[in-house]
Amino acid sequence: MKNSVRVRFAPSPTGYLHVGGARTALFNWLFARHHGGKLILRIEDTDLSRSSDEMVEGILEGMRWLGLAWDEGPFFQSQRFERYRVFTAELLEKGLAYRCFCRPDSPAAADANGEIPSWSYDRRCRALEPSEARRRAEAGEPCAARFRVPEGKTAYRDQVYGDIEVENEQVEDFVLLRSDGMPTYHLGVVVDDLDMQITHVIRGADHISNTPKQVLLYRAADKPLPEFAHLPLILGPDKQRLSKRHGATSVMAYSEMGYLPEAFFNFLALLGWSPGDDRELLSRDELISLFSLERVGKANAVFGIDKLDWFNSQYLTRCDTATLGGIVSRELYAAGVWRDSTEALPEEGMHRTLELLKPRARKIGDFSGRFRAFFTDDFSYDEAAAAKFLSDSRLRGFVRSLIERYREDDQFTLGSTEKHLRGLAEREGVKPALLMHALRVGLTGQGVAPGLFDVMVTLGRSRTLNRLERLCSRLAGKNGE
RNA sequence: GUCCCCAUCGUCUAGUCGGCCUAGGACACCGCGCUUUCAAUGCGGCAACACGGGUUCGAAUCCCGUUGGGGACGCCA
């Protein structure tokens with residue numbers, strides 16, 4: 001089995017698994033599975049200060065949630081320093097790299113308010129006599145190792161973007177090993193990809209400009225290049241790079257909001273890739289067999305939450321009650337009322353409610369908001385929405401009579417509440433629909449909610465009464481009574 | 001600023017190396033139907049080849065330029 005595909009996902013643990021990282025991981029995973037290859041997980045934690053175990057765990061958690069299992073690793077760069085040192089020593093030996101004694105921050109820092117940081121290392125240490133430089137280094141003078149960028153141009157073929165070429169003059173003599181002995185990103189990536197026999201480097205397009213440096217390193221090491229494939233970036237609605245500013249940026253935040261991993265997975269797969277036909281709702285297996293780098297697009301994609309919501313609703317209406325119950329219970333636990341509500345209802349009633357909610361759950365946002373309104377008392381009454389259906393005074397009259405009725409009624413079931421409501425509306429010559437709309441808004445504070453009777457029964461008699469009374473007094477207050 | 005990349009409906013995109021595109025699908029939005037319950041569902045509608053030059057019998061598809069957007073320019077990754 002030679003030439004088998006080996007790809008890697010190599011996040012740096014400086015933050016949780018974010019949307020862009022997840023998409024990169026996802027594409028790598030799909031590619032590996034499609035080709036029956038391996039996905040290696042590598043943690044690029046060479047930046048001592050910015051990395052933490054907590055972040056590593058956060059990334060693993062995100063990957064597990066999405067169901068992206070890796071085959072090898074996680075490997076940590078922080079445990080491979082010796083490899084980087086040896087690699088660099090060889091380049092130093094061959095004169096392909098040189099020691100630099102400049103202070104880490106000498107010419108650059110200046111650019112205070114200038115938004116355009118631009119300077120390139122002036123290569124002043126390039127001319128140092130190797131033996132002299134070595135002597136100084138051995139004498140204890142701190143120094144970094146820089147790559148000696150040759151003349152000419154550097155080109156590589158990208159599986160997505162095609163041929164990319166740059167003049168080497170545009171590439172500075174980048175640092176390989178910092179003065180504290182830590183490897184830089186470029187060094188780590190190349191050494192690791194080589195050691196781990198990575199065949200395809202699939203990563204974000206923000207690395208396109210970095211790739212020539214790495215290509216130069218492969219050449220210096222006299223090793224063949226892996227295939228490179230850069231993925232278009234995912235942007236926020238304002239076409240700017242996705243950031244906290246755009247709301248949730250961590251994958252797990254979506255889990256907490258109630259998005260199903262299958263939905264998120266499906267949505268992400270279609271960001272920057274498409275099967276080529278009109279299919280959108282695709283299972284993992286379908287995605288695996290359909291995926292190919294040729295079909296990855298080049299233009300950056302905006303992360304549109306509306307479409308994600310749609311995918312979520314599609315999966316939500318298809319998922320089983322247990323899964324749905326899991327989501328619901330999270331919400332209810334958060335509201336601290338789960339136990340309360342289950343006790344209030346016979347088990348079958350609860351299940352029935354969940355069943356009924358299933359096809360109606362559209363956006364998870366509404367969905368969870370709905371439940372909050374259901375089981376807690378901090379719902380807010382949307383007067384404008386209710387007024388669309390019935391005038392306040394009219395509505396108040398109904399609410400009054402409902403309260404009276406329910407005070408006596410100990411039979412609070414789906415059938416009886418519906419029967420009663422319809423009867424009431426008819427006697428008063430009002431379309432039942434109007435009353436039901438108005439009550440839905442009044443009871444849940446939501447414009448979109450499950451069926452009214454489900455709401456009432458699920459709330460239970462006392463809660464319903466409670467809310468009806470509050471609604472009534474609001475209406476009264478409004479009429480200045 | 002320098003270099004690299006990108007450019008089809010508001011958004012995700014299809015458009016296999018020019019003709020079958022009077023540009024297709026999905027989300028969102030609007031309308032209608034179904035349900036004497038919003039939603040969901042069904043049907044329909046609105047809506048794009050950034051601009052300007054070429055090349056060609058013929059260009060969304062090829063070339064050049066302009067504009068716009070993104071990325072990279074660290075002893076961050």
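Every chain is numbered from 1, with letters handed out A, B, ... down the list of sequences.
- With sequence neighbours left out, the salt bridge (charged side-chain N to carboxylate O under 4.0 Å, His left out) criterion links A:Arg461 to no other residue.
- Taking 4.0 Å as the cut-off between side-chain N and carboxylate O, A:Glu280 and A:Lys307 count as a salt-bridged pair.
- Within 4.0 Å of A:Thr14, counting heavy atoms only, lies no atom of the nucleic acid at all.
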Residues 424-434 of chain A side chain polar contacts: donor-acceptor under 3.5 Å, at least two apart:
none

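- For the pair A:Phe147 CZ and B:C75 P, the computed distance is 16 Å after rounding to whole Å.
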Donor-acceptor list for residues 180-188 of chain A side chains, cut-off 3.5 Å, not counting sequence neighbours:
residue: A:Asp180; atom: OD1; partner: A:Met182; partner atom: N; Å: 2.9
residue: A:Thr184; atom: OG1; partner: A:Val175; partner atom: O; Å: 2.8
residue: A:Thr184; atom: OG1; partner: A:Leu176; partner atom: O; Å: 3.3
residue: A:Tyr185; atom: OH; partner: A:Arg203; partner atom: NH2; Å: 3.3
residue: A:Tyr185; atom: OH; partner: A:His207; partner atom: ND1; Å: 3.0
residue: A:His186; atom: ND1; partner: A:Gln214; partner atom: NE2; Å: 3.3

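- Only the C1' atoms considered, B:G18 is 41 Å distant from B:C32, to the nearest whole Å.
- Candidate nucleotides B:C76, B:G70, B:C6 were compared by shortest atom distance to the side chain of A:Asp47, and B:C76 ranks first.
- Taking only side-chain atoms of A:Arg146, from C-beta outward, the nucleotide of B:A72, B:C75, B:C3 with the closest atom is B:C75.
- With sequence neighbours excluded, no residue satisfies side chain to side chain donor-acceptor pair (under 3.5 Å) with A:Ser51.
- Using atom C1' as the reference point in both B:C20 and B:A60, the two lie 15 Å apart (nearest Å).
- If you take CZ of A:Arg123 and P of B:C75, they are 14 Å apart, rounded to a whole angstrom.
- For residues 148-171 of chain A, the pairs satisfying ring-ring contact (aromatic ring centres under 6.0 Å, His included) are A:Tyr156-A:Phe228, with sequence neighbours left out.
- Residues from residues 81-89 of chain A placing a heavy atom under 4.0 Å of any atom in RNA chain B do not occur.
- Nucleotides B:C5 and B:C27 have their P atoms positioned 36 Å apart, rounded to a whole Å.
- A:Asp206 comes within 4.0 angstrom of the backbone, heavy atoms only, and of no base.
- Counting all heavy atoms, side chain and backbone alike, A:Leu96 lies closest to A:Phe147 at O-CD1, 3.6 Å.
- Side chains of A:Asn28 and A:His200: no donor on one and acceptor on the other come within 3.5 Å.
- Taking only side-chain nitrogens and oxygens, A:Arg203 never comes nearer than 4.0 Å to OP1 or OP2 of B:A72.
- Take A:Arg405 and apply the side chain to side chain donor-acceptor pair (under 3.5 Å) test, not counting sequence neighbours, and it matches A:Asp409, A:His420.
- The side chain of A:Val166 has B:C3 as its nearest neighbour among B:U37, B:C73, B:C3.
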Distances for protein N/O vs nucleotides 10-19 of chain B N/O pairs under 3.5 angstrom?
residue: B:U11; atom: OP1; partner: A:Lys239; partner atom: NZ; Å: 2.8
residue: B:C12; atom: OP1; partner: A:Val302; partner atom: N; Å: 2.8
residue: B:C12; atom: O2'; partner: A:Leu270; partner atom: O; Å: 3.0
residue: B:U13; atom: OP1; partner: A:Gly272; partner atom: N; Å: 2.5
residue: B:A14; atom: OP1; partner: A:Ser274; partner atom: OG; Å: 3.4
residue: B:A14; atom: O3'; partner: A:Arg295; partner atom: NH2; Å: 3.4
residue: B:A14; atom: O2'; partner: A:Gly276; partner atom: O; Å: 3.4
residue: B:G15; atom: OP1; partner: A:Arg295; partner atom: NH1; Å: 3.1
residue: B:G15; atom: OP1; partner: A:Arg295; partner atom: NH2; Å: 2.9
residue: B:G15; atom: OP2; partner: A:Arg295; partner atom: NH2; Å: 3.3

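- Among residue pairs with one or both ends in residues 205-220 of chain A, those qualifying as salt bridge (charged side-chain N to carboxylate O under 4.0 Å, His left out) are A:Asp206-A:Arg241; sequence neighbours excluded.
- Both A:Asp163 and A:Pro432 sit near RNA chain B, but only A:Asp163 has its closest nucleotide nearer the 5' end.
- For the pair A:Ile234 CD1 and B:G69 C1', the interatomic distance rounds to 17 Å; values are reported in whole Å.
- Only the P atoms considered, B:U66 is 13 Å distant from B:U2, to the nearest whole Å.
- For the C1' atom pair drawn from B:C21 and B:C3, the interatomic distance equals 37 Å after rounding to whole Å.
- Nucleotides B:U16 and B:G74, compared at atom C1', are 43 Å apart to the nearest Å.
- In this structure, NZ of A:Lys431 is placed 12 Å from P of B:U35, rounded to the nearest angstrom.
- For the pair A:Lys213 NZ and B:C76 P, the interatomic distance rounds to 12 Å; values are reported in whole Å.
- Set against B:C5, B:A26, B:C4, the side chain of A:Trp310 has B:A26 as its closest nucleotide.
- Within the 4.0 angstrom heavy-atom criterion, base atoms lie near A:His207.
- Across B:G69, B:C5, B:C76, the shortest atom-to-atom separation from the side chain of A:Ile164 is found for B:C5.
- In this structure, A:Gln314 reaches the B:U41 phosphate: one of its side-chain N or O atoms is under 4.0 Å from OP1 or OP2.
- The nearest whole Å value for the distance from the OH atom in A:Tyr156 to the P atom in B:C4 is 12 Å.
- A:Leu187 places its CG atom 15 Å from the C1' atom of B:C76, with the value rounded to the nearest Å.
- The P atoms of B:A23 and B:C63 are separated by 24 Å, rounded to the nearest whole Å.
- Cation-pi geometry between A:Arg295 and A:Phe291 is not satisfied (NZ or CZ under 6.0 Å from the ring centre, within 45° of the ring normal).
- Base pairing of B:A26: its partner is B:U11, meeting the Watson-Crick or G-U wobble criterion (both donor-acceptor distances under 3.5 Å).
- Separating the CG atom of A:Leu434 from the P atom of B:U37 is a distance of 11 Å, rounded to the nearest angstrom.
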